[in-house]
> 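Sending over a structure as structure tokens; questions will come in a sec.
Every chain is numbered from 1, with letters handed out A, B, ... down the list of sequences.
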2 protein chains.
Amino acid sequence: MSTPGRGLHGHVLDTLGPEITAGEYPPGSVLRTDELAQRFDVSRSVMREAVRVLESMHLVQSRRRVGVTVRPTAEWNVYDPQVIRWRLAGKDRPRQLRSLTLLRSAIEPVAAGLAARHATAEQCAELTECALGMVANSRGHKLEEYLVHDMAFHRAILDASGNEMFARLGDVVAEVLAGRTHHDVMFEDPDPAAVTLHVQVAEAVRAGDAVRAEELTREITVGALQELDILAP
Amino acid sequence: MSTPGRGLHGHVLDTLGPEITAGEYPPGSVLRTDELAQRFDVSRSVMREAVRVLESMHLVQSRRRVGVTVRPTAEWNVYDPQVIRWRLAGKDRPRQLRSLTLLRSAIEPVAAGLAARHATAEQCAELTECALGMVANSRGHKLEEYLVHDMAFHRAILDASGNEMFARLGDVVAEVLAGRTHHDVMFEDPDPAAVTLHVQVAEAVRAGDAVRAEELTREITVGALQELDILAP
DNA sequence: GCAGCCAAAAAGTCAGACTTATTTGTCACG
DNA sequence: CGTGACAAATAAGTCTGACTTTTTGGCTGC
């Protein structure tokens, strides 16, 4: 997606990564570099590069005379966007969405509070623009257009927080929102109450009301959690 | 630290990673693999593996005919524990600690609330044990022993939350706490009020009082933030 | 001034030989 | 029997050199 064809080793990762994150090789499984190279029909150098990347994600560990062993799930770098994408594409996608939505519910309200304190005029404008875009597409089966503005809105909040760690979750949130629209059951039109809340958050941020921005955003994320509980209990 | 001597490419990363994250090569800078291989006195294959790892962290991008270009900071995988460690070792360490402490202040209260709902008896026991260890080492210049229990406490909370994403922040929090004790000015003994709060959190979790656990933990993280504002304004 | 082509540059790929660490098994000795 | 040391097997690690591919930038000619 972000970097589609970045060489042979990338192609190897595109299939091996999802396989590992999907649990096809249980923790402790041992892979041999030579066998993998044969399987993907690449040279060992290319295979080694792929293994190094998996190793840097803590998905596997390469040890002499043993091979490439799959690490337990608890040790994976689950914040790596690539790992997140692989896991969201896999079969325990609902579990992932719950974890990530819970993360959102912790981060986004705080980020909104910070945004109310630090947002520039441009960022406030961007925010209201996104909110208006959501309103404009909230009726009439325009889920795709709505999604675009929804993603942009949350990304704008996280950016405006002024905190680098929060800002870097923009991709994750976008992934979650996109997943909700595309793969899970969603009503034909978004919840009108949610749309209103987004507009109010934009207003609160512009007004510099941190407490209100935080509280309203909390309502949004709680709504997202409830939605998940209803649709995938 | 976690995997010290994992081969030649690891040694290369140990010096090249910190250099890049420290901003010694400004975004857009171009490195050549051959030159790097010469500089570190390793073969090109080894150098390529190192570059692949840096690429997977989004620190650099390798493009044909142009070379290995350093990416802008905003694109780095700042949640990668390795990247966090490199940056904390660098010169903008104070800025890092502020970002990470803000992240803590968003995550940990929510995690504590979840822990109060989901913690097992064993986890509650572990928690109170850690809190008692903190109390026992809160006086008499035993900062190192105190730190061990403090790290274990917060890790226990995050684990007990039952959320994978929260749990994986245990290393980050430990790193922040260790950094505060080792590098920044810290009083000879920890703040007694903070120690008490930890004990109370353990109690609240055991009692299953989610609201109280969350509120108390929020007080702890607010304290940590204020401490940073005082010591590095 | 522009279109298209050519040449250089740097990453990408491959194959093969060699090195090194680690495990496992064996055998002799207590 | 157990135990320790030694030897063999194994798979990752490393290096080298030749070759390919893509991209860029300049040059030519219209």
Side-chain angles (χ1 to χ4, degrees), chain A residues 1-17 19-20 25-72 75-76 82, chain B residues 1-17 19-20 25-72 75-76 82:
Chain A
M1 177 169 285
S2 51
T3 355
R6 59 271 198 241
L8 282 189
H9 93 282
H11 174 251
V12 171
L13 285 174
D14 285 342
T15 55
L16 195 51
E19 282 180 5
I20 294 176
Y25 308 96
S29 305
V30 175
L31 311 171
R32 252 69 102 311
T33 322
D34 291 12
E35 289 181 10
L36 290 174
Q38 274 198 340
R39 174 184 160 194
F40 290 104
D41 196 38
V42 295
S43 68
R44 283 179 313 137
S45 348
V46 169
M47 198 58 228
R48 301 189 93 269
E49 290 171 24
V51 168
R52 287 293 181 235
V53 172
L54 294 175
E55 204 174 22
S56 85
M57 297 167 172
H58 278 63
L59 295 183
V60 302
Q61 187 172 17
S62 181
R63 279 161 52 202
R64 272 187 151 127
R65 164 65 214 233
V66 170
V68 177
T69 64
V70 178
R71 289 194 177 210
E75 297 176 7
W76 296 352
Q82 183 72 92
Chain B
M1 177 167 286
S2 51
T3 354
R6 57 270 197 245
L8 282 188
H9 93 283
H11 175 250
V12 171
L13 286 174
D14 285 342
T15 55
L16 195 52
E19 282 180 5
I20 295 176
Y25 307 97
S29 305
V30 175
L31 311 171
R32 254 74 104 299
T33 11
D34 290 12
E35 289 182 9
L36 290 174
Q38 275 197 341
R39 173 184 161 195
F40 291 103
D41 194 39
V42 295
S43 67
R44 294 193 319 272
S45 354
V46 168
M47 198 58 227
R48 301 189 94 267
E49 290 171 26
V51 168
R52 287 294 181 234
V53 172
L54 294 174
E55 204 174 24
S56 85
M57 297 168 171
H58 279 63
L59 295 184
V60 303
Q61 187 171 19
S62 180
R63 279 162 50 204
R64 274 184 150 130
R65 163 64 211 221
V66 57
V68 177
T69 65
V70 178
R71 290 194 174 207
E75 297 176 8
W76 296 352
Q82 183 73 93

> Let me see the working for A/S56 and B/S56 under side-chain hydrogen bond (donor to acceptor under 3.5 Å, both in side chains), right down to the final yes or no.
CA-CA 8 Å; A/S56 85; B/S56 85; 3.0 Å; yes
> Using a cut-off of less than 4.0 Å, is there contact between a side-chain N or O of A/S43 and OP1 or OP2 of C/dA15?
no
> Side-chain contact test, heavy atoms from C-beta onward, threshold under 4.5 Å: evaluate it for A/V30 versus A/V68 and give yes or no.
no
> Assign each of A/R65 and A/R48 to its nearest nucleotide of DNA chain D by heavy atoms, then name whichever residue's nucleotide is nearer the 5' end.
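Result: A/R65.
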> Donor-acceptor check, side chain of A/W76 to backbone of A/M57, threshold 3.5 angstrom: yes or no?
no
> When you measure from the side-chain N and O atoms of B/T33 to the phosphate of C/dA10, is any distance below 4.0 Å, counting only OP1 and OP2?
no
> Please determine if a side-chain N or O atom of B/R52 lies less than 4.0 Å away from the OP1 or OP2 oxygen of C/dG12.
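For C/dG12, OP1 or OP2 has a side-chain N or O of B/R52 closer than 4.0 Å.
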> Atom CD of B/E49 and atom C1' of D/dG13: how far apart are they, to the nearest Å?
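The answer, rounded to whole Å, is 8 Å.
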> For the side chain of A/R44, starting at C-beta, report the closest nucleotide among C/dA11, C/dC14, C/dG16.
C/dG16
> Please classify the nucleic acid contact of B/S45 as base, sugar-phosphate, or nothing, using heavy-atom distances under 4.0 Å.
base
> When the distance from CD of A/Q38 to C1' of C/dC14 is rounded to whole Å, what number comes out?
15 Å
> Nearest-Å distance, CZ (A/R64) to C1' (C/dT23)?
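Value for this atom pair: 13 Å.
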> Can you check whether B/R63 reaches B/R65 side chain to side chain, under 4.5 Å on heavy atoms?
no
> Between A/D34 (CG) and C/dG16 (P), how many Å, whole number?
13 Å
> Has the side chain of B/R63 got a donor or acceptor atom sitting under 3.5 Å from an opposite partner on the base of C/dA10?
no
> Quick one: on DNA chain C, does A/V66 or A/V46 contact a more 5' nucleotide (nearest heavy atom)?
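Nearest-nucleotide comparison on DNA chain C picks A/V46.
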